[in-house]
Peer 1: 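I have a structure here, written as structure tokens, and I will follow up with some questions on it.
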Amino acid sequence: MCGIVGIVGQTPVNQYLYDGLTVLQHRGQDAAGIVTIHNNTFRLRKGNGLVKDVFHTRHMLRLQGNIGIGHVRYPTAGTSSSSEAQPFYANSPYGISLAHNGNLTNAEELKVWLNTEARRHVNTTSDSELLLNIFGHELQQSVQVVLAPDDVFTAVANVHKRVRGAYATVALIIGYGMVAFRDPNGIRPLVFGKRETESGTEYMVASESVALNACSFEFVRDVAPGEAIFFTEDGQIYSQQCVEDPVYSPCIFEFVYFARPDSTIDKMSVYASRVEMGTKLGQKISQEWSDVDIDVVIPIPETSCDIALQIAQELALPYRQGFVKNRYIGRTFIMPGQEQRKKSVRQKLNAIETEFKGKNVLLVDDSIVRGTTSEQIIEMARSAGAKKVYFASAAPEVRFPNVYGIDMPSANELIAHGRDVDDICSLIGADKLIFQSIEDLVLAVGLGNPDIKRFDTSVFNGHYITNDIDNAYLEKLDAMRNNSTKDESDKNADSIIDMHNEGAE
């Protein structure tokens, strides 16, 4: 999972790019980068770490120019080295820099094609650099001396024909402007906005609407699946649908916990979606657990707080903040051993004993992935004096890996894979466990936009909407992940960042 921003302004954009990335930090804490154009030259700064650590005053002073893009990175399997921080650069044609959120599912065949037919060199294992070179190749097919908007749209249309997977993309073409485009399924979010200044109209694209708000841009609309929008350096804007049959299929996990609650994605409020998740799950608990004696509802901070509050209201029960999160612990990493994982959870959360002692508590989390965090939190609740600990997940059972840009564990690491609810309940040590149904989750999120008829729900049901994922692909992905983790572990490096949500594994 990554976050992208791009601005075509009338004045220097470096500070706004920095601000936009800062509010998108939840989408990636591994690396950050910004590239601007000044005097027909790319100015680039990128590196591993948080936005505040990568960019210092000396870097910001060098990032001159009225047009630029930025990226925060959460690595997918096999892509965790510093050389793969974005944006990427290619000198042909014209000079292009690109940033990308998502994952290409046919990356291996694209590598072969680039080497043997397009004859373009890719220097990293990142599929984002693949996408950059494919876009560059298609753009180079234009016979025009001067690049026109139609040439850009033709290039994007050809990218769509060649590439499969999830990609929300922003790119700079030196001397011409900025282009933003989204895959034909619209799996990853992308929005754009504008603002009027004394010098003229400025435009911004971003992964989430909250980045527009932070930079004082007015939300215009979402970039449609398959659409490309071209912003010229002098402030003109052109758009075109570049695929014949786009089908809106946004990733439902964005609404479960990745996106910020103050964002709106594809006309659906993330906050309202989570409240509705709480309503649906509260109704299910009321129907299926009518004989269960619950004294208090407690969220596992922070993504589940809005969900838990709504559950408490549905059940007419007290809502309490029973856990305090240490906000200064830094990033949570996937630890190689159980004891290290346990220590990490206890550093991250602390229980308020008075909210647990002698009570039957209902803990609410947004999801259960590995189950290790859930197990440790249930132990904490019992240690704090809880009589019984019930557990509710606002998402259905996560049974399958994600292939569209979320670095989720392989199937054999997912606690729900091949197990029923009773088995999972026993493994995490709860007295009782309940999951949101996939039908209710789709209804809860889709309530905000009835025009969307399909979501990507592959992690719950194994139905991959690009129709190109089989067991061989998943096994290869698992091998890449294992090799990457081993290599980085051998170097004592920070390999794979844990899912950003405050309470997920």
Peer 1: Quick one: CG on Asp440 to OG on Ser437, what's the gap to the nearest 0.5 Å?
Peer 2: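 Those atoms lie 3.5 Å apart.
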Peer 1: Between Arg73 and Asp30, does any side-chain N to carboxylate O distance fall below 4.0 Å?
Peer 2: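 Yes, charged N to carboxylate O under 4.0 Å.
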Peer 1: Would you say the side chain of Ser269 lies within less than 4.5 Å of the side chain of Phe255, judging by non-hydrogen atoms?
Peer 2: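 They are not in contact (no side-chain heavy atoms under 4.5 Å apart), so the answer is no.
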Peer 1: If we only count heavy atoms from C-beta on, is the Val5 to Val170 side-chain gap below 4.5 Å?
Peer 2: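 Val5 vs Val170: side chains apart.
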Peer 1: Please tell me whether Gln283 and Ser286 have a donor and an acceptor in their side chains that are separated by less than 3.5 angstrom.
Peer 2: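 Judged by distance alone, the side chains do not pair up.
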Peer 1: In plain terms, say whether Glu254 and Arg27 are close enough for a salt bridge, that is, a side-chain N and a carboxylate O under 4.0 Å apart.
Peer 2: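 Salt bridge: yes.
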Peer 1: Tell me the closest heavy-atom pair linking Gln86 and Ser128, and the distance in Å.
Peer 2: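 Minimum heavy-atom separation between Gln86 and Ser128: NE2-OG, 2.8 Å.
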Peer 1: With side-chain contact (heavy atoms from CB on, under 4.5 Å) as the test, would you mind laying out the steps for Arg370 and Leu414 before giving the verdict?
Peer 2: CA-CA 5 Å; Arg370 280 186 175 84; Leu414 298 171; 5.8 Å; no
Peer 1: Roughly how far apart are Lys432 NZ and Phe391 CZ, rounded to 0.5 Å?
Peer 2: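 Going from the NZ atom of Lys432 to the CZ atom of Phe391 covers 15.5 Å.
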Peer 1: Using modelled atom types only, decide if a donor and an acceptor are shared between the side chain of Glu227 and the backbone of Ala224 within a distance under 3.5 Å.
Peer 2: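 At least one qualifying donor-acceptor pair exists.
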Peer 1: Would you call the rings of Phe181 and Tyr167 parallel, tilted or perpendicular, taking 30° and 60° as the class edges?
Peer 2: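 The rings of Phe181 and Tyr167 stand perpendicular, inter-plane angle above 60°.
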Peer 1: What closest approach, in Å, do Gly70 and Leu17 show between heavy atoms, and which atom pair accounts for it?
Peer 2: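 Minimum heavy-atom contact is N-CD2, 4.3 Å.
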Peer 1: Let me see the working for Asp468 and Thr105 under side-chain hydrogen bond (donor to acceptor under 3.5 Å, both in side chains), right down to the final yes or no.
Peer 2: CA-CA 8 Å; Asp468 60 342; Thr105 55; 2.5 Å; yes
Peer 1: Looking at Arg182 and Gly186, would you say the former's side chain and the latter's main chain have a donor-acceptor pair under 3.5 Å?
Peer 2: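 Present.
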Peer 1: Under a 3.5 Å distance rule, please check whether His100 uses its side chain to pair with a backbone N or O of Ala168 as donor and acceptor.
Peer 2: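 No; zero donor-acceptor contacts below 3.5 Å.
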Peer 1: Under a 4.5 Å cut-off applied to non-hydrogen side-chain atoms, are Ile229 and Tyr203 in contact?
Peer 2: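 Not in contact.
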Peer 1: Between Arg382 and Gly429, is there a donor-acceptor pair closer than 3.5 Å when you use the side chain of the first and the backbone of the second?
Peer 2: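 It does hold such a pair.
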Peer 1: Of all the heavy-atom pairs spanning Ala211 and Gly20, show the shortest one and how long it is.
Peer 2: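 Distance-wise, the nearest heavy atoms are CB-O, 4.1 Å.
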Peer 1: Kindly state whether the ring of Phe460 and the ring of Phe253 have centres lying under 6.0 angstrom apart.
Peer 2: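 They qualify: ring centres under 6.0 Å apart.
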Peer 1: After noting the C-alpha distance and the side-chain angles of Tyr390 and Asn360, does the key distance pass the side-chain contact (heavy atoms from CB on, under 4.5 Å) rule?
Peer 2: CA-CA 8 Å; Tyr390 308 117; Asn360 297 330; 4.0 Å; yes
Peer 1: I'd like to know if the side chain of Ser304 and the backbone of Ile300 have a donor-acceptor N/O pair within less than 3.5 Å.
Peer 2: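 Checked: pair present.
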Peer 1: Between CD1 of Ile352 and CD of Gln321, what distance do you get to the nearest 0.5 Å?
Peer 2: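 Going from the CD1 atom of Ile352 to the CD atom of Gln321 covers 8.0 Å.
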Peer 1: Stepwise, does the side-chain hydrogen bond (donor to acceptor under 3.5 Å, both in side chains) test hold for Tyr404 with Thr466?
Peer 2: CA-CA 10 Å; Tyr404 300 126; Thr466 50; 2.6 Å; yes
Peer 1: Which value, rounded to the nearest 0.5 Å, describes the distance between Leu281 atom CG and Leu362 atom CG?
Peer 2: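 If we round to the nearest 0.5 Å, Leu281:CG and Leu362:CG are 8.0 Å apart.
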Peer 1: What do the steps show when you test Arg164 against Asn467 for side-chain hydrogen bond (donor to acceptor under 3.5 Å, both in side chains), and what is the final call?
Peer 2: CA-CA 10 Å; Arg164 296 193 304 271; Asn467 296 319; over 6 Å; no
Peer 1: Go through Asp266 and Tyr248 one step at a time and tell me if the side-chain hydrogen bond (donor to acceptor under 3.5 Å, both in side chains) criterion holds.
Peer 2: CA-CA 9 Å; Asp266 295 319; Tyr248 247 127; 3.1 Å; yes
Peer 1: Under the side-chain contact (heavy atoms from CB on, under 4.5 Å) criterion, do Thr169 and Leu98 qualify, and how do the steps go?
Peer 2: CA-CA 7 Å; Thr169 308; Leu98 178 145; 3.5 Å; yes
Peer 1: When you compare the side chain of Met268 with that of Val445, does any pair of heavy atoms fall below 4.5 Å?
Peer 2: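 SC-SC contact between Val445 and Met268 confirmed.
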Peer 1: Measuring only between side-chain heavy atoms, which start at C-beta, is Leu427 closer than 4.5 Å to Ile415?
Peer 2: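 They are in side-chain contact.
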Peer 1: Using only atom types and a distance under 3.5 Å, with no angle test, would you say the side chain of Gln25 pairs donor to acceptor with the backbone of Val51?
Peer 2: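 Here the side-chain-to-backbone pair exists.
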Peer 1: I'd like to check Phe217 versus Glu202 (side-chain heavy atoms, cut-off strictly below 4.5 Å). Are they in contact?
Peer 2: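 Yes. Closest side-chain heavy atoms under 4.5 Å.
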Peer 1: Is it the case that the side chain of Arg188 and the backbone of Cys2 share a donor-acceptor pair, with hydrogens and angles ignored and the cut-off at 3.5 Å?
Peer 2: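 The answer is no, because no donor-acceptor pair under 3.5 Å joins these two groups.
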Peer 1: Is a side-chain donor or acceptor of His417 paired with a backbone partner of Arg399 at a separation under 3.5 angstrom?
Peer 2: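 At least one qualifying donor-acceptor pair exists.
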Peer 1: Between Gln15 and Asp19, is there a side-chain donor-acceptor contact under 3.5 Å, judged purely by atom types and distance?
Peer 2: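 There is such a pair between these side chains.
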Peer 1: If I compare all heavy atoms of Ser374 with all of Ile428, which pair ends up nearest, and what's the gap?
Peer 2: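 Residues Ser374 and Ile428, closest heavy atoms: CB-CG2, 4.2 Å.
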Peer 1: Show, in sequence, the C-alpha distance, side-chain angles and deciding distance for Leu21 and Ile4, and conclude whether the side-chain contact (heavy atoms from CB on, under 4.5 Å) test is met.
Peer 2: CA-CA 7 Å; Leu21 292 181; Ile4 59 176; over 6 Å; no
Peer 1: Take atom NZ in Lys284; do more than 12 heavy atoms of anything else shown fall under 6.0 Å from it?
Peer 2: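 Enclosed.
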Peer 1: Are Glu218 and Arg195 close enough, and set up right, to give a salt bridge (Lys or Arg N to Asp or Glu O under 4.0 Å), and what steps lead you there?
Peer 2: CA-CA 6 Å; Glu218 175 190 357; Arg195 66 180 178 187; over 6 Å; no
Peer 1: Taking the side chain as every heavy atom from C-beta outward, state whether Phe356 and Leu363 have any pair of such atoms under 4.5 Å apart.
Peer 2: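 The answer is yes, as the side chains (C-beta and beyond) meet within the 4.5 Å cut-off.
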Peer 1: Could you tell me which non-hydrogen atom of Gly47 sits nearest to which non-hydrogen atom of Ala85, and how far apart they are?
Peer 2: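 Looking at all heavy atoms of both residues, the closest pair is N-CB, 4.3 Å.
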Peer 1: Is it the case that more than 12 heavy atoms not belonging to Tyr271 sit under 6.0 Å from its OH atom?
Peer 2: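 Open.
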Peer 1: May I ask you to decide if Leu104's main-chain N or O and Asp127's side chain share a donor-acceptor pair within less than 3.5 Å?
Peer 2: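 Yes; judged by distance alone, with no hydrogens or angles, the pair exists.
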Peer 1: Return the OH to CE distance between Tyr257 and Met1, rounded to the nearest 0.5 Å.
Peer 2: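 Nearest 0.5 Å value for the OH-CE distance: 8.0 Å.
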Peer 1: For residues Ala259 and Val270, report the shortest heavy-atom separation together with the two atoms involved.
Peer 2: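 So the minimum-distance heavy-atom pair works out to CB-CG2, 3.8 Å.
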Peer 1: Report yes if some heavy atom in the side chain of Ile285 is under 4.5 Å from a heavy atom in the side chain of Ile311; otherwise report no.
Peer 2: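 A side-chain contact exists here, since the closest heavy-atom pair is under 4.5 Å.
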Peer 1: Regarding Glu84 and Lys46, does a basic nitrogen lie under 4.0 Å from an acidic carboxylate oxygen?
Peer 2: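 No.
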Peer 1: Is it true that a side-chain atom of Asp295 and a backbone atom of Lys359 form a donor plus acceptor pair closer than 3.5 Å?
Peer 2: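 Not at all, since once roles are kept as given, no pair shorter than 3.5 Å links the two residues.
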Peer 1: What's the spacing between Asp183 CG and Leu190 CG if we round to 0.5 Å?
Peer 2: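 With rounding to 0.5 Å, CG (Asp183) is 10.0 Å from CG (Leu190).
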Peer 1: With a cut-off of 6.0 Å (strictly less than), are more than 12 heavy atoms of other residues, nucleotides or ligands near OH of Tyr16?
Peer 2: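 No, because the 6.0 Å sphere around OH of Tyr16 holds 12 heavy atoms or fewer from other groups.
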